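In this text, all values refer to a predicted model and were calculated from it rather than measured experimentally.
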Amino acid sequence: SDNADCRQVGGSISIMHTDTGLYTTFGAGWSEDETADDVFAGADKESTFWSIEAGIEKKFIPLGKTTFFGQYYKTDGGTSREWEDGVISDADEVFIAGSELQVYGGGIVQEISAAAMHLYVYYRHVEADFSFENVGGVVAPGDIPTNFDDLDLVVAGGIIRF
């Protein structure tokens, strides 16, 4: 767009104590879109996130290194895009006015050195909250979601590098 007026900054840092295998990774970011008011008056023009992971990676057993970790991620999103669910049409102009997402969990990764393989299992708990702006004013309030259930995930798998 010719009228874009946006700023964004982000970064991350990771540190590991090689003797003990203790590590942490931190990341954060911020963005601002001055044209958010073009979507609707009072639109939230800022978005932020931060995340942290901490753990230990060490050879506890002869198979290879084992990593135990915990994670946390949080984002506060500003105005983003139209919400579509097949019921609300583009003409209705329902926008995500703001959002918040929190994710936390942990897991384990086991390296199997002889097979160039990693096996993993991790858990994540996700909490989401969205607010909507009905700019067109034609959508019934009951058609716009007001709350969302938390989500719990357990994921397991493996990676073989060749």
Side-chain angles (χ1 to χ4, degrees), residues 1 4-33 35-36 39 43-88 90 94-133 144-162:
S1 168
D5 186 6
C6 307
R7 284 164 292 294
Q8 181 174 332
V9 65
S12 65
I13 186 169
S14 297
I15 53 174
M16 175 183 261
H17 186 260
T18 53
D19 291 343
T20 63
L22 292 170
Y23 74 91
T24 189
T25 298
F26 177 79
W30 168 87
S31 66
E32 182 177 58
D33 182 357
T35 63
V39 177
D44 185 1
K45 52 184 128 185
E46 280 193 349
S47 296
T48 60
F49 86 90
W50 67 274
S51 66
I52 189 165
E53 178 174 308
I56 185 168
E57 179 182 86
K58 195 168 186 165
K59 191 169 183 178
F60 296 104
I61 59 176
L63 287 174
K65 291 181 181 178
T66 306
T67 305
F68 296 96
F69 63 91
Q71 302 171 315
Y72 180 80
Y73 174 88
K74 181 171 182 175
T75 182
D76 289 313
T79 301
S80 50
R81 57 193 163 274
E82 286 189 77
W83 172 65
E84 295 183 27
D85 71 347
V87 175
I88 296 175
D90 290 341
V94 174
F95 293 90
I96 297 173
S99 62
E100 182 177 300
L101 181 71
Q102 290 188 91
V103 180
Y104 57 84
I108 183 172
V109 179
Q110 178 61 57
E111 176 187 53
I112 302 176
S113 301
M117 181 179 354
H118 289 83
L119 301 175
Y120 58 87
V121 62
Y122 63 85
Y123 164 78
R124 293 222 173 104
H125 176 79
V126 181
E127 298 174 5
D129 185 30
F130 292 87
S131 58
F132 297 92
E133 181 71 23
I144 301 174
T146 55
N147 61 10
F148 296 87
D149 293 336
D150 294 351
L151 176 65
D152 292 294
L153 303 165
V154 175
V155 178
I159 300 170
I160 299 174
R161 292 185 167 88
F162 57 93

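Of the inter-residue distances, the one linking Thr20 atom OG1 with Lys58 atom NZ reads 6.5 Å to the nearest 0.5 angstrom. Ile160 CD1 to Leu119 CG: the interatomic distance, rounded to the nearest 0.5 Å, is 8.5 Å. Here the CG atom belonging to Asp33 is positioned 10.5 Å from the CD atom belonging to Gln8, to the nearest 0.5 angstrom. Rounded to the nearest 0.5 angstrom, Ile112 CD1 and Ile159 CD1 are separated by 12.0 Å.
With sequence neighbours excluded, the residues forming a side chain to side chain contact (heavy atoms under 4.5 Å, CB included) with Val9 are Trp30, listed by chain and number. Residues satisfying the salt bridge (charged side-chain N to carboxylate O under 4.0 Å, His left out) criterion with Arg7, sequence neighbours excluded, are Asp5, Glu32, Glu34. Looking at residues two or more places apart in sequence or on another chain, you find no salt bridge (charged side-chain N to carboxylate O under 4.0 Å, His left out) involving Glu127. Under the rule for a side chain to side chain donor-acceptor pair (under 3.5 Å), Asp19 has no partner lying at least two apart in sequence or in another chain. Looking at residues two or more places apart in sequence or on another chain, you find a ring pair (Phe, Tyr, Trp, His ring centres under 6.0 Å) between Tyr72 and Trp50. Tyr120 meets the ring pair (Phe, Tyr, Trp, His ring centres under 6.0 Å) test with no other residue; sequence neighbours excluded.
Across every non-hydrogen atom of Lys65 and Gln110, the tightest pair is O-NE2, 3.4 Å. Annotation for Lys59 and Pro62: closest pair CE-O, 3.6 Å, computed over non-hydrogen atoms. Considering every non-hydrogen atom in both Phe69 and Ile108, the closest pair reads CE2-N, 3.8 Å. Tyr73 and Ser51 make their closest contact through CD1-CB, 3.6 Å (heavy atoms, listed as atom of the first residue, atom of the second, distance).
Inter-residue side-chain proximity for Glu100 and Lys74 is flagged as met; some heavy-atom pair is nearer than 4.5 Å. Within the 4.5 Å cutoff, the side chain of Thr67 has no heavy atoms near those of the His118 side chain. Inter-residue side-chain proximity for Tyr23 and Glu53 is flagged as met; some heavy-atom pair is nearer than 4.5 Å. Looking at heavy atoms from C-beta onward, Arg124 lies in side-chain contact with Tyr122 at the 4.5 angstrom threshold.
Put simply, the residue from Asp76, Leu101, Thr75 that forms a side-chain contact (heavy atoms from CB on, under 4.5 Å) with Phe49 is Thr75.
Counted within 6.0 Å of CD1 on Ile13, heavy atoms from surrounding residues, nucleotides or ligands total 12 or fewer; the atom is thus considered open.
For the pair Glu111 (side chain) and Leu63 (backbone), a donor-acceptor distance under 3.5 Å is absent.
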